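These notes are about the structure you will find just below.
None of the values given here were measured: they were computed from a predicted structure. Values below: all heavy atoms of this structure, side chains included; hydrogens, waters and symmetry mates excluded.
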Amino acid sequence: MAGIWLDVLDEIARTCREHGRGDLLQAVRQKRTQLLDPSLRVLVVGEPNQGKSQLVNAIVNAPVCPVGDDRTTVLPTVVRHADVAAAAVVQAPPAGPGRGADAALPGTEERTPVPLDRIAAGVAGTLGRRPGGGPAYVDIGLPRALLGAGLVLVDTPGSDEVAAVGRAAPVAALHRADAVLLVSDSTRELSVAELNVLLHVTRSHPNVLVVQTKIDLVPDWRAVAERNRRHLAEAGVPATLIPVSAALRLRAAAADDRALNAESGFPALIARLHQDLAGKADVLARAAVGLTARTVVEQLAAPLRAELESQQEQEQSGPISRLHAAQREVEELRRCSVRWQNTLNDEMADLLSDIEYDLRDRTRQILREVDDAFEKADPLVSWDTFQEWLTRSLVEAAEANHEWLVQRCDHVARRVAGNFARYGYDVLPPWSMNVPEDVGDRLPEIERPSIDRFTATQKVITGMKGSYGGLLMFGLAMTLAGMPMINPVSIGAGALFGGKSIRDESRQLLRRRQATVKTAVQRHVDDFFVRVVKDCRDAARQVQRMLRDHFAGLTDELQEAIVESLRNAKQAADTDAAARDQRQREIRVKMTRLAALYEQAQQLTAARRAPVSLEPRV
């Protein structure tokens, strides 16, 4: 029957080799050697003062392990069959680099014989152990039929004692045991620490027993045993509990009392050990291979699952994410191209409208000042002063308008460049626009309008025309009174009317001159407005073309760089996706094989017997 589980174990070893796990391969090989060994290695563990050593003595019916409060157990004690009783301290050589504590080669241990009456000193570590050496244990051989059948008992130090001396028991390592006996006395229920130990042990050992000792000292040991079984069931520990009394067993052996021996509970324990010894090559081996397969599969599958999860994370942050980022950059550049063109067109349209309105407002203010000035001033008198003021005012208006144009063009350039702010560098064009110094020279020169003058001849004629009417009117009126037509009164009236005519004509000529000047200034200002607006529009259009060409070139550069990045990202993503898919397929194949191996191993345990409750008959 060994061929079935042995084939599965060899398949587990091949799987470990394929996965490159030399540590697991070594453990599987050790398990293979252990399962092929016909002896049953039983590891006795437990807390101090629970009766472990006395239990071993009762099983072999010999005081091989020292007991008592004055005894200190430091080294493990291995009790096996020998034709002649003998004891020795076996010590491995010091652990070298790359070699663990359990890696001593067979035949390299140092054996120091220990007299049978000095076994207690050997177990205490004070006899036969060389300082600076490797792990050590006490090896005791006894001529006992139970041991001759293949049973090997390993008594381990209590956990508190091991902690006190600061070293573990490597020879009695759990992975080298075929069965584990956890010893707990009847004075209390199983502790949380003991349950945790059982949970840990049952994960790697198919055959675990809980031996409840000292039932001869506790009258209600059955209630304690029942509560302990309930604790085991609640904790999910598949272990059988067997109550025993080593004292009764030794007393029964000394008196050859079968009834007392049955009352000690040891027949059930011995029967269970015989059963495990007989079933090691089949039932126990199947269960051990099943647990080994579970352990190996878990350790081999864990990095595979982690790698799958890591690949999923890399898919979000690796070449695929860079490809998506590059695609987003392309779309963002397209939107940026539309945005900056719209921004440039809208800003330049607003700029031209604002510049024209600003110049119109300035010229209207000048014309209002001209109207106010020539409501009273005579162009004949103040033309030179007025012409100088008008030229200066128009030049100032043109310079202020051009200065505002420069500021607005710089604002437009920064607004358009703001669309490229996310690319992280200065994108303003290397340009400078200043107010031209020859604005006054480029403005049209105002021409002196044709102004009517009131000459002396015109004044005489105008006076004569006015005085004639007055002289005639008053002369005729005076003739009715019998006076001659030309008399002092009529002459005075004629002079009065002549002076009035001269004054009226002079005022009319002044209004005509003022109107003529206003009209001429209006035409001149209109010509000025048209020319300056034309210059501003030309300058603005030139700036617009320059900004358009600059940002179009910048967009082309960015597009070329982003497209190149997109191309590289796509190539890297395709390569990474292919490699990742190939690796995922390989991982899935390995996971499938591990699952099949696990199922094959678990089928071995289908025929394993269920744990039975063995209780002594009193």
Worksheet item: Quick one: side-chain contact (heavy atoms from CB on, under 4.5 Å) partners of Ala595, sequence neighbours excluded?
Response: none
Discussion item. Is it true that, when you exclude Asp23 itself, more than 12 heavy atoms of the residues, nucleotides or ligands shown sit nearer than 6.0 Å to its CG?
Written reply: yes
Discussion item. Once rounded to the nearest 0.5 Å, what's the spacing between atom OG1 of Thr213 and atom CG of Leu181?
Written reply: 11.5 Å
Discussion item. Applying the side chain to side chain donor-acceptor pair (under 3.5 Å) criterion to Asn228, which one of Gln212, Arg188, Glu194, Glu189 satisfies it?
Written reply: Gln212
Worksheet item: Hey, which of Thr292, Asp37, Asp10 is the one that makes side chain to side chain donor-acceptor pair (under 3.5 Å) with Arg32?
Response: Asp10
Fill in: Where Ala239 and Leu232 come nearest, the two heavy atoms and their spacing
O-CD1, 3.9 Å
Fill in: Side chain Thr112, main chain Arg129, donor-acceptor under 3.5 Å
no
Worksheet item: Looking at Asp155 and Val56, what are the two nearest heavy atoms and their distance?
Response: CB-CG2, 4.1 Å
Fill in: CZ (Arg335) with more than 12 external heavy atoms under 6.0 Å
yes
Worksheet item: Of all heavy-atom pairs between Ser186 and Ile215, which one has the smallest distance, and what is that distance?
Response: OG-CG2, 3.4 Å
Worksheet item: Sub-3.5 Å donor-acceptor pair from the side chain of Asp139 to the main-chain atoms of Ala88, do we have one?
Response: no
Worksheet item: Shortest non-hydrogen contact from Gly122 to Leu75?
Response: O-CD1, 3.3 Å
Worksheet item: When rounded to the nearest 0.5 angstrom, what is the spacing between CG in Asn57 and OG1 in Thr77?
Response: 9.5 Å
Response to the item:
By side-chain contact (heavy atoms from CB on, under 4.5 Å), His19 pairs with (sequence neighbours left out) Thr15, Arg21, Leu300, Leu304, Lys590, Leu594
Worksheet entry | Between Arg585 and Gln582, a side-chain donor and acceptor under 3.5 Å | yes
Practice prompt. Hey, could you give me each pair passing salt bridge (Lys or Arg N to Asp or Glu O under 4.0 Å) that has a residue in residues 235-252? Not counting sequence neighbours.
Written response: none
Practice prompt. Among Ile242, Leu273, Leu250, Val244, find the one that has a side-chain contact (heavy atoms from CB on, under 4.5 Å) with Phe266.
Written response: Val244
Worksheet item: Does a salt bridge link Glu298 with Arg203, judged by any charged N lying under 4.0 Å from a carboxylate O?
Response: yes
Discussion item. I need the minimum non-hydrogen distance between Ala177 and Lys31, along with the two atoms involved.
Written reply: O-NZ, 4.5 Å
Worksheet item: What's the shortest heavy-atom distance between Arg229 and Pro243, and which atoms?
Response: NH2-CD, 4.1 Å
